[in-house]
Amino acid sequence: MKRAYALFLLVLLASSGLQRLHAAQPPNGAEQEETDELDPRTGFPVIKNKPFPIFTQGVTYAMVTRIEDMEKYNRSNFVRQDHLIGAFFAMQSVNMRPVNSMLRVSVYYPFLHTFNGMEQFPKQVILYAFDLFAGPMIQTDMWKYVRLNFAGGLHYMYQLSDEYHLNYLGGALVVGTELPIARHWTIVNNGTVTLDYPNLGTNQKVQPFSFAWQYQLELGFRYSKKNSNRYSYIHHLEGWLPREKNLERRILSLEAGVKKSIVRKHNKLEAKRQRMEAREAARAQEPAAEDEEPPEAQGTGAEESLDTAQAQEQENEEILEAEQPQETAPDAPEPEAQDEDESVEDAQDTSEDSSDQN
């Protein structure tokens, strides 16, 4: 009996040492803690990943063993065993530094009783028990697809039997696995071993037990939206991936789009540059007279000024044409001189005709 207690204490000390070692090596390093942002109100570092609880429920089985030491009577020990089945509900913390914690409550109904291997039939029908466990927990994983949980802490159990109200108090070790089935669904399997002191109830004076232990098995599930599984067996698609993966994919797609737009703009600028070079080459081949003409790059303002100058010149020409008939008006008698010449020529013609007749 003493050896069993000593062995159990050694196991508890080893688990506490592992927890301290885990706490002494924070995942982000001590240098990062110094550079954390401080809250202006409290002066403490800002909590970026806030802690939150997750809940697990399922069915459980337990076997309770109580032993009475009968060495002083030169007889074999009395061994009483109770087999119980029930349900459990567990709450676990996430993002709680340095280690997370677990609180578990179980409710049992005994369905089999034995004394030294012989089945015993209870006199009462309504018999029950409930179990409580609380302690810190260390988590690790195997290739991201199987998570391992190790916990150690206090254990308490109350059991109603035919004879007594039994109260157990001691320590427990929990070893479990978590299987991420889907993004929000996880299957939890835990095994628990406890070593208790069973003489805190009504049996402590009438029938004290030397020591007691328990084996517990749990099969449960957990559904959580906040603590989603980054790696899971099914639904490992882009639509089912956590926010971090979706953001990474979106960032990559944005980078690819930016690269494509840059390439398109570069191609457009290159084509424009080639067209400009072709135009300059064509201009260089034109005659020198054409080169002296005002360039097209002078803008629409120069063209408009040329148009207005041409219009003004046309107006001046029209004015001059209108003024020319007024200046030639005094010279109008010229047609009369032409008439006199014609009359003289007619007189000559008549004189010639008269000489011909004579």
In Å, rounded to the nearest 0.5 Å, how long is the span from [atom1] of [X] to [atom2] of [Y]?
X	Y	atom1	atom2	result
Gln81	His113	CD	NE2	12.0 Å
Thr56	Phe221	OG1	CZ	9.0 Å
Lys48	Glu37	NZ	CD	5.0 Å
Arg183	Ser228	CZ	OG	5.0 Å
Ile67	Phe78	CD1	CZ	12.5 Å
Leu112	His83	CG	NE2	4.5 Å

Should side-chain heavy atoms under 4.5 Å link Ile, Leu, Val, Met, Phe, Trp and Tyr, which residues sit in the same cluster as [X]?
X	result
Leu254	none
Phe121	none
Phe44	none

Backbone N or O of [Y] within a donor-acceptor pair of the [X] side chain at under 3.5 Å?
X	Y	answer
Asp162	Gln124	yes
Asp69	Asn77	no
Asn116	Val79	yes
Thr202	Tyr164	no
Ser224	Ile54	no

Check the hydrophobic clustering (I, L, V, M, F, W, Y; side-chain heavy atoms under 4.5 Å; chains of links allowed) and say if [X] and [Y] are grouped together.
X	Y	value
Ile187	Tyr231	yes
Phe88	Met63	no
Val64	Val59	no
Met157	Phe209	yes
Phe130	Tyr197	yes

Open item on the list: Within the 4.5 Å heavy-atom criterion, are Lys226 and Val94 side-chain neighbours or not?
Closed with: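 Counting from C-beta outward, Lys226 and Val94 never come under 4.5 Å.
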
- [ ] Check whether any side-chain heavy atom of Val146 lies under 4.5 Å from a side-chain heavy atom of Leu179, and answer yes or no.
- [x]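 Side-chain contact under 4.5 Å: yes.
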
Task: Partners passing side-chain hydrogen bond (donor to acceptor under 3.5 Å, both in side chains) against Glu280 (at least two apart in sequence or in another chain) - done: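 side-chain hydrogen bond (donor to acceptor under 3.5 Å, both in side chains) check on Glu280 returns nothing, list empty.
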
Does [X] have more than 12 heavy atoms from other residues, nucleotides or ligands lying within 6.0 Å of its [atom1]?
X	atom1	answer
Tyr215	OH	no
Tyr128	OH	no
Leu132	CG	yes
Arg273	CZ	yes
Leu154	CG	no

Task: Residue of the set Leu173, Val174, Thr140 for which side-chain contact (heavy atoms from CB on, under 4.5 Å) holds with Phe150 - done: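 So the option named by the test is Thr140.
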
- [ ] Determine the interplanar angle of the His165 and Tyr158 rings, folded into 0 to 90°, and report it as parallel if under 30°, tilted if 30 to 60°, perpendicular if over 60°.
- [x]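 Ring orientation of His165 relative to Tyr158: parallel.
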
Task: Parallel, tilted or perpendicular: ring planes of Phe89 versus Phe55, cut at 30 and 60 degrees - done: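 Parallel: the ring planes of Phe89 and Phe55 meet at under 30°.
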
For the residue pair [Y] / [X], report whether a side-chain donor-acceptor contact shorter than 3.5 Å exists.
X	Y	answer
Glu163	Asn203	no
Asn229	Arg147	yes
Asp196	Tyr156	no

So which heavy atom on [X] is nearest to which on [Y], and how close?
X	Y	value
Ala212	Leu195	O-CD1, 3.6 Å
Gln216	Ala62	CG-CB, 3.8 Å
Pro51	Met96	CB-CE, 4.1 Å
Pro45	Leu38	N-CD2, 3.8 Å
Ser253	Arg250	OG-O, 2.6 Å
Gly152	Pro136	O-CD, 3.3 Å

TODO: Kindly write out the residues that satisfy side-chain contact (heavy atoms from CB on, under 4.5 Å) with Arg264, not counting sequence neighbours, or none if the list is empty.
DONE: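 Counting only residues at least two positions away or on another chain, Arg264 forms no side-chain contact (heavy atoms from CB on, under 4.5 Å).
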
TODO: Kindly indicate, with the supporting measurements, whether the criterion side-chain hydrogen bond (donor to acceptor under 3.5 Å, both in side chains) is fulfilled by Asn149 and Glu178.
DONE: CA-CA 8 Å; Asn149 298 330; Glu178 295 183 1; 2.8 Å; yes

Open item on the list: Go through it in stages, so that I can follow the logic: the residues are Val107 and Thr60, the test is side-chain contact (heavy atoms from CB on, under 4.5 Å), and I'd like the CA-CA distance, side-chain angles, deciding distance and then a yes or no.
Closed with: CA-CA 9 Å; Val107 179; Thr60 179; over 6 Å; no

- [ ] Dump the intermediate steps for side-chain contact (heavy atoms from CB on, under 4.5 Å) on Leu148 and Thr177, then the final yes or no.
- [x] CA-CA 5 Å; Leu148 304 177; Thr177 60; 3.7 Å; yes

Open item on the list: Restricting to salt bridge (charged side-chain N to carboxylate O under 4.0 Å, His left out), what partner residues turn up for Arg104, sequence neighbours left out?
Closed with: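 Listed in chain order: Asp131, Glu218.
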
- [ ] Show your reasoning for whether side-chain contact (heavy atoms from CB on, under 4.5 Å) applies to Lys50 and Phe52.
- [x] CA-CA 7 Å; Lys50 296 183 179 180; Phe52 59 90; over 6 Å; no

Open item on the list: For Phe133 together with His155, are the ring centres under 6.0 Å from each other?
Closed with: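 No, the ring centres sit 6.0 Å or more apart.
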
